[in-house]
Undergrad: 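I have a structure here, written as structure tokens, and I will follow up with some questions on it.
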Amino acid sequence: MDSGVSNCGHDGSLTDDGVLSFHTDDQDTEKNGQSKSPSSQLAYGVLDIPPWYLCIFLGIQHFLTALGALVAVPLILAKDLCLQHDPLTQSYLISTIFFVSGICTLLQVLFGVRLPILQGASFALLAPSLAMLSLPSWKCPEWTLNASQVNVSSPEFTEEWQKRIRELQGAIMVASCIQILVGFSGLIGFLMRFIGPLTIAPTISLVALPLFDPVGNDAGIHWGISFMTIFLIMLFSQFLKNIPVPVPVYGGEKKCHTSKFHLFQFFPVMLALCISWFICFVLTVTNTLPSSPTDYGYLARTDTKSNVLRQAPWFRIPYPGQWGRPTISLAGVFGIIAGVVSSMVESVGDYYACARLVGAPPPPKHAINRGIGIEGLGCLLAGAWGTGNGTTSFSENVGALGITKVGSRMVIVTAGFVLLLMGVFGKMGAVFVTIPTPVIGGMFIVMFGIISAVGISSLQYVNMNSSRNLFVFGFSIYCGLTIPNWVNKNPEKLQTGILQLDQVIQVLLTTGMFVGGFLGFLLDNTIPGSLEERGILVWNEVQKNSKETTLKSSEVYDFPWGIGTKFCTSSYIRVLPFWPRLDHSGKGEVGMSQLAHCSQASSRKHLSGTVETRM
């Protein structure tokens with residue numbers, strides 16, 4: 001297969017067991033007895049451009065990988081926005097978040113950190129958003145909870161949910177300005193000196209742990225359907241992930257033949273949703289599920305929201321201010337800022353992980369500053385469009401790069417355009433709204449469990465035999481659960497007489513992520529302990545450690561289209577913290593990275609290493 005890439009090309013073939021593979025040059029083979037590094041086994045590096053059809057296929061794959069998280073956030077927010085009985089508006093929110101995620105992905109890959117990282121909905125902003133919407137002034141009226149009393153086309157109902165999402169919009173837009181400032185000013189590097197695993201672990205874990213109540217309610221609609229969904233996700237993602245499935249392939253010498261595709265490894269959530277959805281459809285058609293709205297398991301039927309597919313337009317372009325002019329309150333802004341800080345910390349880790357996986361040098365300071373600044377700009381756009389959420393880097397898609405061995409950023413650019421198209425295609429959002437509630441609940445249980453575990457996994461760099469570290473983590477995470485629970489039950493005991501101050505205190509103290517993260521940050525930086533004991537020494541080494549690469553930093557992280565090298569080259573501009581620096585070291589010149597390598601490779605006989613890519 002001719003890939004059309006820039007560095008001498010890659011020849012694709014099938015291995016003996018029929019799995020699609022790519023043969024690379026001698027840079028991928030063992031040198032001087034040294035084993036290959038993960039980055040050298042890439043089928044396509046960060047600068048390579050795969051064939052257009054492969055870009056489309058892999059772009060759709062990245063969209064499907066992020067699909068669960070993209071759909072989850074609007075569906076969770078729906079109840080607190082008084083939209084649980086308005087599936088059409090829920091579909092509009094899903095389409096909007098698709099559209100904005102596409103814009104932010106293109107901005108990040110082209111002008112941000114310039115690594116192949118997909119942007120999407122941020123779970124870090126979910127907890128403070130729900131805390132803000134739980135304030136007495138924003139709780140949904142009783143009549144909006146009763147489907148028989150809701151007229152979704154009435155001006156009264158429309159204003160009821162729109163004023164809530166406008167409040168979220170304003171808070172997200174103001175908080176995103178803080179992220180833009182922190183990123184483009186270079187403050188993120190200063191802040192990361194004080195943030196280690198003992199701050200990150202409780203912060204990330206408490207993003208998902210407090211959501212057990214609404215998730216349990218959704219799954220409890222029909223526990224049989226929920227457990228079936230959980231079992232299928234577990235079966236595909238853990239037990240069958242290494243089993244390839246034969247698929248028909250056209251091309252090569254054999255023309256029509258079969259190849260092997262690791263279907264279960266790539267799409268465990270999507271497959272589980274489709275199978276559970278189909279089983280619910282069969283149970284609905286045969287009237288096995290109850291037909292009375294008051295009976296247990298009624299919402300497991302597939303016909304409860306089927307009218308949204310008829311009502312949703314085929315095409316609808318989301319636009320800024322579609323729900324009206326955003327409003328601002330101090331309580332919402334302070335709560336969202338806590339989520340933004342958590343999102344920034346997680347994104348910096350994603351940048352280093354992505355660079356290692358795609359064979360790029362560690363991201364320099366200007367690239368990290370620019371990446372965080374562009375993420376802030378993405379949150380600003382998400383707020384302006386009215387998604388009810390912000391955007392951040394998607395860790396699951398970074399992990400997918402390591403599985404597919406395709407690190408080309410052109411693939412992520414394609415994924416950005418796929419997101420844009422899905423956002424404009426109005427029926428797409430409606431399709432996901434019709435998924436039965438217990439199926440969604442089962443998916444949430446798995447997803448939020450993994451998110452909690454990801455936070456705790458940060459402790460692998462910390463000496464957990466230390467009583468100091470055990471105290472910091474245990475105290476932080478337990479307070480992050482108990483304090484918000486008490487404040488929710490006793491809001492009147494925190495009254496100061498100043499309404500705005502009362503709301504700020506209540507939102508912050510009911511956001512477990514803020515409580516746990518703040519206590520972890522405070523204790524970790526005040527209780528005596530060495531950098532090694534706190535895990536910061538190993539944490540920094542792991543993040544900045546990089547395998548050997550033939551790429552020069554400027555090739556990956558500088559602006560495209562000659563910006564900074566041919567245009568805007570003033571010395572005054574280069575002092576900006578996010579602007580690329582001139583490389584005077586002479587290391588990794590272009591002549592040694594692409595053209596010279598190709599000429600050397602073609603002038604001698606070399607061994608070709610076979611790299612398996614599971615596509």
Undergrad: Should the pair F475 and F471 be assigned to parallel (<30°), tilted (30 to 60°) or perpendicular (>60°) ring geometry?
TA: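 Plane angle under 30°, so parallel.
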
Undergrad: What about the rings of F334 and F514, do their centers lie closer together than 6.0 Å?
TA: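 Between F334 and F514, the centre distance exceeds or equals 6.0 Å.
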
Undergrad: Any chance you could measure I536, atom CD1, to Y461, atom OH, to the nearest 0.5 Å?
TA: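 OH of Y461 is found 14.0 Å from CD1 of I536.
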
Undergrad: Hey, mind stepping through M447 and F123 against side-chain contact (heavy atoms from CB on, under 4.5 Å) and telling me if it holds?
TA: CA-CA 11 Å; M447 288 179 57; F123 281 103; 3.9 Å; yes

Undergrad: In sequence, state the C-alpha distance, the side-chain angles, and the governing distance for L232 and L273, and then conclude on side-chain contact (heavy atoms from CB on, under 4.5 Å).
TA: CA-CA 9 Å; L232 289 173; L273 286 180; over 6 Å; no

Undergrad: Look at D558 together with R370 and state whether they make a salt bridge at an N to O cut-off of under 4.0 Å.
TA: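 A salt bridge is absent here (no side-chain N lies under 4.0 Å from a carboxylate O).
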
Undergrad: To the closest 0.5 Å, what do you measure between CD1 (I60) and NE2 (H62)?
TA: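 Answer rounded to 0.5 Å: 12.0 Å.
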
Undergrad: When you compare the side chains of E167 and S329, does any donor N or O come within less than 3.5 Å of an acceptor on the partner?
TA: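 Yes, S329 and E167 have a side-chain donor paired with an acceptor closer than 3.5 Å.
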
Undergrad: Run the side chain to side chain donor-acceptor pair (under 3.5 Å) check on E375 and S393 step by step: do they pass?
TA: CA-CA 8 Å; E375 283 196 21; S393 298; 2.6 Å; yes

Undergrad: Does a donor on one side chain sit under 3.5 Å from an acceptor on the other, for N525 and R534?
TA: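 Yes, because at least one side-chain N or O of N525 sits under 3.5 Å from a partner of the opposite role on R534.
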
Undergrad: Can you tell me if T392 and Q119 form a side-chain donor-acceptor pair at under 3.5 Å?
TA: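 Checked: T392/Q119 side chains show no N/O donor-acceptor pair below 3.5 Å.
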
Undergrad: Would you compute the distance between atom CZ of R409 and atom SG of C354 and round it to the nearest 0.5 angstrom?
TA: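 Answer rounded to 0.5 Å: 10.5 Å.
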
Undergrad: Mind checking whether P577 and H366 have side chains closer than 4.5 Å, heavy atoms only?
TA: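 No, every pair of side-chain atoms sits at 4.5 Å or beyond.
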
Undergrad: Report yes if some heavy atom in the side chain of L115 is under 4.5 Å from a heavy atom in the side chain of Y557; otherwise report no.
TA: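 Side chain of L115 against side chain of Y557, heavy atoms only: contact under 4.5 Å found.
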
Undergrad: Is there side-chain contact between L126 and V207, with heavy atoms separated by less than 4.5 Å?
TA: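 Not touching, per the 4.5 Å side-chain cut-off.
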
Undergrad: Pair up each side-chain donor or acceptor in residues 70-81 with any protein partner under 3.5 Å, not counting sequence neighbours, and list the distances.
TA:
none

Undergrad: Can you name the salt bridge (Lys or Arg N to Asp or Glu O under 4.0 Å) partners of D218, sequence neighbours left out?
TA: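 Not a single residue meets the salt bridge (Lys or Arg N to Asp or Glu O under 4.0 Å) criterion with D218.
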
Undergrad: For F444, check ring-ring contact (aromatic ring centres under 6.0 Å, His included) against everything at least two apart and list the hits.
TA: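 ring-ring contact (aromatic ring centres under 6.0 Å, His included) check on F444 returns F448.
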
Undergrad: How far does CG of L508 sit from CD of Q506, to the nearest 0.5 angstrom?
TA: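 L508 CG to Q506 CD: 10.5 Å, rounded to 0.5 Å.
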
Undergrad: Are side-chain heavy atoms of R114 and V109 found at a separation under 4.5 Å?
TA: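 A side-chain contact under 4.5 Å is absent here.
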
Undergrad: Between the main-chain N or O of G45 and the side-chain N or O of D48, is there a donor-acceptor pair closer than 3.5 Å?
TA: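 Judged by distance alone, yes, a pair lies under 3.5 Å.
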
Undergrad: Drop me the distance from L470's CG to R468's CZ, to the nearest 0.5 angstrom.
TA: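 That separation rounds to 11.0 Å.
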
Undergrad: Are any of the side-chain heavy atoms of T203 and V345 separated by less than 4.5 Å?
TA: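 Not touching, per the 4.5 Å side-chain cut-off.
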
Undergrad: Closer than 3.5 angstrom, by distance alone: can the side chain of N389 be matched with the main-chain N or O of A121 as a donor-acceptor pair?
TA: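 No; judged by distance alone, with no hydrogens or angles, the pair does not exist.
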
Undergrad: Looking only at non-hydrogen atoms, find the nearest pair between C479 and L519 and report the distance.
TA: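 Shortest heavy-atom contact: CB-CD1, 3.5 Å.
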
Undergrad: Has E532 got more than 12 heavy atoms of other residues, nucleotides or ligands less than 6.0 Å from its CD?
TA: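 Not more than 12 within 6.0 Å, no.
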
